[in-house]
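Single-structure report; data block below.
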Amino acid sequence: MATLWDNIEKLSAVCRAAGAHLPDEELKALQVGKVAEEAGEVMHALHGLNGLTTCGDDHTWSEVQNDLVGTVIAALLAMHYIDPAGARATFDEIFHRRMRRGREAAAAA
């Protein structure tokens, strides 16, 4: 069974092939921008959930979750674009560090 990172690597290969005509640094920047775009979709769905859109879109929590997952995928792809060989290890290191801070804060409370 493929892991999350195995799937990210496969998707990254497909996306990189589609952008093969662009310089590597531009591909990286565009993928980081995609994270912001996906996060904007989360906010649009959240506004729609609360009836705050000007286009009359109604949204559900399920759509908010769908867009959150899209944001996570875009972020993991961006990490893979930046460092294909080291993205997993970098993610694990940062994740562990951030979780340690959370565990320390919870223990102190």
Side-chain angles (χ1 to χ4, degrees):
M1 180 176 197
T3 68
L4 173 65
W5 276 105
D6 293 334
N7 287 317
I8 291 297
E9 288 175 1
K10 290 174 189 172
L11 185 55
S12 179
V14 170
C15 294
R16 279 187 172 275
H21 61 288
L22 297 171
D24 190 56
E25 290 301 309
E26 188 172 344
L27 280 174
K28 290 177 188 178
L30 288 169
Q31 188 58 41
V32 170
K34 182 69 175 169
V35 177
E37 177 192 343
E38 293 290 339
E41 290 180 18
V42 172
M43 287 307 301
H44 178 78
L46 192 58
H47 286 156
L49 183 70
N50 290 294
L52 299 174
T53 63
T54 56
C55 56
D57 288 348
D58 288 332
H59 292 275
T60 64
W61 280 112
S62 177
E63 290 171 291
V64 172
Q65 289 177 311
N66 181 66
D67 291 336
L68 284 169
V69 171
T71 305
V72 169
I73 292 168
L76 293 176
L77 278 171
M79 288 191 69
H80 192 266
Y81 271 44
I82 291 167
D83 182 11
R88 288 182 193 213
T90 299
F91 178 87
D92 287 346
E93 175 189 327
I94 294 167
F95 185 80
H96 178 73
R97 184 175 63 240
R98 287 177 171 248
M99 291 297 101
R100 184 184 67 236
R101 282 188 276 178
R103 286 189 305 271
E104 289 169 356

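We use all heavy atoms of the structure for the numbers below, so side chains are in, but hydrogens, waters and symmetry mates are not. Along the sequence shown, the residues carry numbers beginning at 1. Here the structure is a predicted model, which is why all the values come from computation and not from measurement.
By the rule that hydrophobic residues join a cluster once side-chain heavy atoms approach within less than 4.5 Å of another member, F95 and I73 end up as members of one cluster. Under the 4.5 Å side-chain heavy-atom criterion for grouping Ile, Leu, Val, Met, Phe, Trp and Tyr, L11 is connected to V69 within one hydrophobic cluster. In the hydrophobic cluster analysis, where Ile, Leu, Val, Met, Phe, Trp and Tyr join through side-chain heavy atoms closer than 4.5 angstrom, L22 is grouped together with Y81. Put simply, I94 and M99 are part of two different groups of oily side chains (I, L, V, M, F, W, Y) that touch within less than 4.5 Å, one to the next.
Using cut-offs of 30° and 60° for the angle between ring planes, the H80 and W5 rings count as tilted.
Rounded to the nearest 0.5 Å, atoms CZ (F91) and CD1 (I8) are 10.0 Å apart. Annotation: the span from L77 atom CG to L27 atom CG amounts to 11.5 Å, rounded to 0.5 Å. The distance from atom CG of L49 to atom NE2 of H44, rounded to the nearest 0.5 Å, is 11.5 Å. Atom CD of residue E63 and atom CD of residue E41 lie 11.0 Å apart, to the nearest 0.5 angstrom.
Taking each heavy atom of V35 and A78 in turn, the nearest pair found is CG2-CB, 4.2 Å.
Applying the side-chain hydrogen bond (donor to acceptor under 3.5 Å, both in side chains) test to pairs two or more places apart or on separate chains, none has a residue in residues 95-109.
Not one N or O on the side chain of D83 forms a donor-acceptor pair closer than 3.5 Å with the backbone of M79. Proximity of a side-chain donor or acceptor of E9 to a complementary backbone N or O of D6 within less than 3.5 Å is not detected. With hydrogens and angles ignored, the 3.5 Å screen pairs no side-chain donor or acceptor of R16 with any backbone N or O of D24.
Listed by chain and number, the hydrophobic cluster partners of I82 are V32, where partners are ILVMFWY side chains within reach of under 4.5 Å, directly or through others.
Counting heavy atoms from C-beta on, the side chains of W61 and V64 come closer than 4.5 Å. Residues K34 and L30 have side chains not in contact (no heavy-atom distance under 4.5 Å, counting atoms from C-beta outward).
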